[in-house]
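Here is the structure we will look at.
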Amino acid sequence: MTRMLIIGPPGSGKGTQAERISERLGVVAISTGDIFRANVKGETPLGIEAKKYMDNGDFVPDSVTNKMVRDRLNESDVENGFLLDGYPRTTAQVDYLDEILANGDEKLDVVLQLTADDEELVHRLLGRAKETGRSDDNAAVIRPRLDLYHQQTEAVVAKYAERGILTQVDGIGPIDEVTNRVMQAIKAAQAA
Ligand code: AMP
């Protein structure tokens with residue numbers, strides 16, 4: 001049973017690593033970005049609302065995001081643990097997640113942060129923009145997304161560091177190598 005978070009700036013490869021961790025640990029990976037994108041594609045009311053923010057590189061408001069995460073964490077496939085990818089991104093979301101977990105008498109085991117410097121991230125995101133056509137991977141929106149990460153999400157990382165459950169992994173390098181580092185870091189954190 002593992003309950004964990006993966007945090008990283010846009011372009012750090014957290015989605016890719018989250019899928020691999022999920023397979024190896026046998027826990028469900030929940031990506032708020034993926035849920036939003038699926039809703040945008042399906043043109044649901046949630047998707048129509050979220051798209052306005054996503055296209056500008058802004059965060060979707062907590063009033064929308066928090067409820068969506070709470071509902072998802074109440075589904076039955078989460079009973080054996082979970083890996084949250086892309087949530088929490090603000091300290092207010094940390095507080096909300098704390099409440100959800102406290103209500104279920106649960107706590108986080110590991111918070112994994114993938115690190116990479118901004119220049120490498122911009123380079124990767126521009127490459128991804130060409131491959132996937134993701135509407136928020138374009139030069140105008142990449143910088144604001146990175147700025148938002150520094151302004152808001154680093155405070156989230158600091159909170160978990162204070163609690164002693166943060167483990168940091170260098171996200172630069174071949175994907176398999178990063179996965180090896182990630183799995184070792186998780187093992188070490190669980191043994192601690
Ligand atoms: P991601 O795939 O994690 O990079 O997320 C893509 C976009 O979805 C973000 O740029 C935000 O607009 C939105 N999003 C994802 N997770 C959150 C969150 N926890 N809070 C607010 N907005 C989010």
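Side chains included, hydrogens not; waters and symmetry mates left out as well; all remaining heavy atoms used. Residue numbers start at 1 and run along the sequence shown. Every value quoted in this text rests on a predicted model; they were computed, and no experiment measured them. When a ligand or atom number is given, it counts from 1 through the structure's own listing order.
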As an exercise, identify every atom of ligand 1 less than 4.0 angstrom from a heavy atom of [X].
{"X": "Gly86", "answer": "16 (N), 17 (C), 18 (C), 19 (N)"}
{"X": "Phe36", "answer": "8 (O), 13 (C), 14 (N), 15 (C), 23 (C)"}
{"X": "Tyr87", "answer": "19 (N)"}

Item to check | Where Gly13 and Arg124 come nearest, the two heavy atoms and their spacing | outcome: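 Nearest pair, atom of Gly13 first, then Arg124: N-NH1, 4.1 Å.
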Around [atom], find the nearest protein heavy atom and jot down its residue, atom name and distance.
{"atom": "atom 9 (C) of ligand 1", "answer": "Arg89 NH2, 4.0 Å"}
{"atom": "atom 20 (N) of ligand 1", "answer": "Gln93 NE2, 3.0 Å"}
{"atom": "atom 22 (N) of ligand 1", "answer": "Val60 N, 3.0 Å"}
{"atom": "atom 12 (O) of ligand 1", "answer": "Asp58 O, 2.7 Å"}
{"atom": "atom 7 (C) of ligand 1", "answer": "Met54 CE, 3.9 Å"}
{"atom": "atom 6 (C) of ligand 1", "answer": "Arg37 NH1, 3.5 Å"}

Checklist entry - Could you state the interatomic distance from CZ (Phe59) to OG1 (Thr32), rounded to the nearest 0.5 Å? => result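 Going from the CZ atom of Phe59 to the OG1 atom of Thr32 covers 9.5 Å.
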Checklist entry - Going by distance alone, is a donor N or O of one side chain under 3.5 Å from an acceptor N or O of the other, for Thr2 and Gln190? => result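 Indeed, the side chains of Thr2 and Gln190 share at least one donor-acceptor pair under 3.5 Å.
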Regarding ligand 1, does [X] bring an N or O atom to under 3.5 Å of one of the ligand's N or O atoms?
{"X": "Lys14", "result": "yes"}
{"X": "Tyr53", "result": "no"}
{"X": "Ser31", "result": "no"}

Checklist entry - How does Thr65 reach ligand 1, by side chain, by backbone, by both or by neither, if only non-hydrogen atoms under 4.0 Å count? => result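 The answer is the side chain.
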Checklist entry - Is there side-chain contact between Ile6 and Leu84, with at least one heavy-atom pair below 4.5 Å? => result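 Side-chain contact under 4.5 Å: no.
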Next on the checklist: Using the rule given for side chain to side chain contact (heavy atoms under 4.5 Å, CB included), can you reason through Met4 versus Val27, listing the C-alpha separation, both sets of side-chain angles and the distance that settles it, and then say yes or no?
Outcome noted: CA-CA 9 Å; Met4 64 173 286; Val27 296; 5.7 Å; no
Checklist entry - If you draw a 6.0 Å radius around NE2 in His123, do more than 12 non-hydrogen atoms from other residues or ligands fall strictly inside? => result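 Atom NE2 in His123 is not packed in, count stays at 12 or less.
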Next on the checklist: Check this for me: does any side-chain nitrogen of one of Arg89 and Asp62 sit under 4.0 Å from a carboxylate oxygen of the other?
Outcome noted: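 No salt bridge links Arg89 with Asp62.
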Checklist entry - Salt bridge between Asp71 and Lys67, side-chain N to carboxylate O under 4.0 Å? => result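 Salt bridge between Asp71 and Lys67, a charged N being under 4.0 Å from a carboxylate O: yes.
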Item to check | Expected output: side-chain Gln17 to main-chain Ile175 donor-acceptor under 3.5 Å | outcome: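 Checking the backbone N and O of Ile175 against the side chain of Gln17, a donor-acceptor pair under 3.5 Å is found.
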